[in-house]
Amino acid sequence: RYFVAAGTNGYCGKVTFRAEGVASVFDPVSCERHAWRNGDGLSIPPSRSVFVEFAKNGDAVPSPLQNGEAKLLPLAPWTLTFPSGRRLTMDAPVSWSTHPELSREERAFAGTAVYETSFDLDSVPRQLKLEMGKVESVADVWLNGEKVRTLWCEPYACDLAKVAKPGRNVLKIEITNTWRNRVIQDLGLPEKDRKTWMLYRKGFNPGPDDPFVPAGIVGP
């Protein structure tokens, strides 16, 4: 068994181990395992790690889908709903901290907002992979009212096949961001109007003139 870790930029390239036997790659975050061949390409997201394991007499390990088998299922439109009841409709999910229809106060929101869309399937494929690209910061994925997974690091992706069904499917993604944007907003307000309080050290904490950081599903 080999422990393989990537740096902050991740890793993608061919890897060869001085080992023999049936090889597989185990992801300790998703607890998923797939077949791998010694000397093939290995892809590890930024700041993540995997276990590469070799067994002389192992059970068959499921293989990942090959590129030729996959097809894209576009998802649109989307709605974004805040706890206040504020609701936006968009062609694709975007960060709420930069959305032009929101006021600065709304763009500073810190907490959990919900992205929702739906899609139709004639039949459920062997794998139905949701890929959200960049997310800030934690995503709870629900399909048809069932919790699929909580995603808190790259890649923000998961398989929906186990809870998908033929016909209409409703996808809901609850995104929780940090409070940084709320702090930036509050530092520019009179103290009586602020919603947050913190010990402040200039040069270390954000300042009132700092730009907002991304929040929600950034994509693509």
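Positions are given from 1, in the same order as the sequence printed here.
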So does [Y] get a backbone contact from the side chain of [X], meaning a donor-acceptor N/O pair under 3.5 Å?
| X | Y | result |
| --- | --- | --- |
| S95 | A215 | yes |
| T117 | P77 | yes |
| S97 | V213 | yes |

Atom of [X], atom of [Y] and distance for their closest heavy-atom approach:
| X | Y | answer |
| --- | --- | --- |
| A110 | N177 | CA-OD1, 3.3 Å |
| V148 | C158 | CG1-SG, 4.0 Å |
| P208 | G188 | CB-N, 3.9 Å |
| V135 | M132 | CG2-CB, 3.9 Å |
| A157 | R149 | O-NH1, 3.8 Å |
| P28 | S49 | CD-O, 3.4 Å |

Using 0.5 Å steps for rounding, measure from the [atom1] atom of [X] to the [atom2] atom of [Y].
| X | Y | atom1 | atom2 | result |
| --- | --- | --- | --- | --- |
| R48 | E154 | CZ | CD | 9.0 Å |
| Y115 | K172 | OH | NZ | 15.0 Å |
| K165 | E146 | NZ | CD | 9.5 Å |
| W96 | I175 | CH2 | CD1 | 7.0 Å |
| K14 | D40 | NZ | CG | 7.5 Å |
| N144 | N169 | CG | CG | 4.5 Å |

Tell me, please, which residues at least two apart from P100 pass side-chain contact (heavy atoms from CB on, under 4.5 Å).
-> none
Partner residues of S47 under the side-chain contact (heavy atoms from CB on, under 4.5 Å) criterion, sequence neighbours left out | T8
I would like to know whether W179 and M198 meet side-chain contact (heavy atoms from CB on, under 4.5 Å); could you show each step before the answer?
-> CA-CA 11 Å; W179 72 330; M198 64 184 301; 4.0 Å; yes
With a 4.5 Å limit on heavy-atom distance, are the side chains of [X] and [Y] in contact?
| X | Y | result |
| --- | --- | --- |
| V138 | T112 | no |
| H99 | L80 | no |
| W36 | V50 | no |

Hey, quick one: are [X] and [Y] part of the same hydrophobic cluster, counting side-chain heavy atoms closer than 4.5 Å, chains of contacts allowed?
| X | Y | answer |
| --- | --- | --- |
| L151 | F26 | no |
| I217 | M90 | yes |
| V29 | L160 | no |
| Y156 | L75 | yes |
| L171 | V218 | no |

Specify whether Y2 and F17 have parallel, tilted or perpendicular ring planes, treating 30° as the upper limit for parallel and 60° as the lower limit for perpendicular.
-> tilted
Parallel, tilted or perpendicular for F51 and F3, by the 30°/60° rule?
-> tilted
Any salt bridge linking [X] with [Y]? Criterion: basic side-chain nitrogen under 4.0 Å from a carboxylate oxygen.
| X | Y | value |
| --- | --- | --- |
| D120 | R168 | yes |
| R1 | E53 | yes |
| D140 | K147 | yes |

More than 12 heavy atoms of other groups within 6.0 Å of D193 CG = yes
Does atom CZ of F204 have more than 12 heavy-atom neighbours from other groups under 6.0 Å away?
-> no
Please test V114 against W142 for side-chain contact (heavy atoms from CB on, under 4.5 Å), starting from the C-alpha separation and ending with a verdict.
-> CA-CA 10 Å; V114 180; W142 298 76; over 6 Å; no
Stepwise side-chain contact (heavy atoms from CB on, under 4.5 Å) test for I44 and V4 | CA-CA 9 Å; I44 307 176; V4 187; 3.7 Å; yes
With sequence neighbours left out, the residues meeting side-chain hydrogen bond (donor to acceptor under 3.5 Å, both in side chains) with T81 are R87
Give the intermediate values and the outcome of side-chain contact (heavy atoms from CB on, under 4.5 Å) for residues F212 and D210.
-> CA-CA 7 Å; F212 288 160; D210 286 354; over 6 Å; no
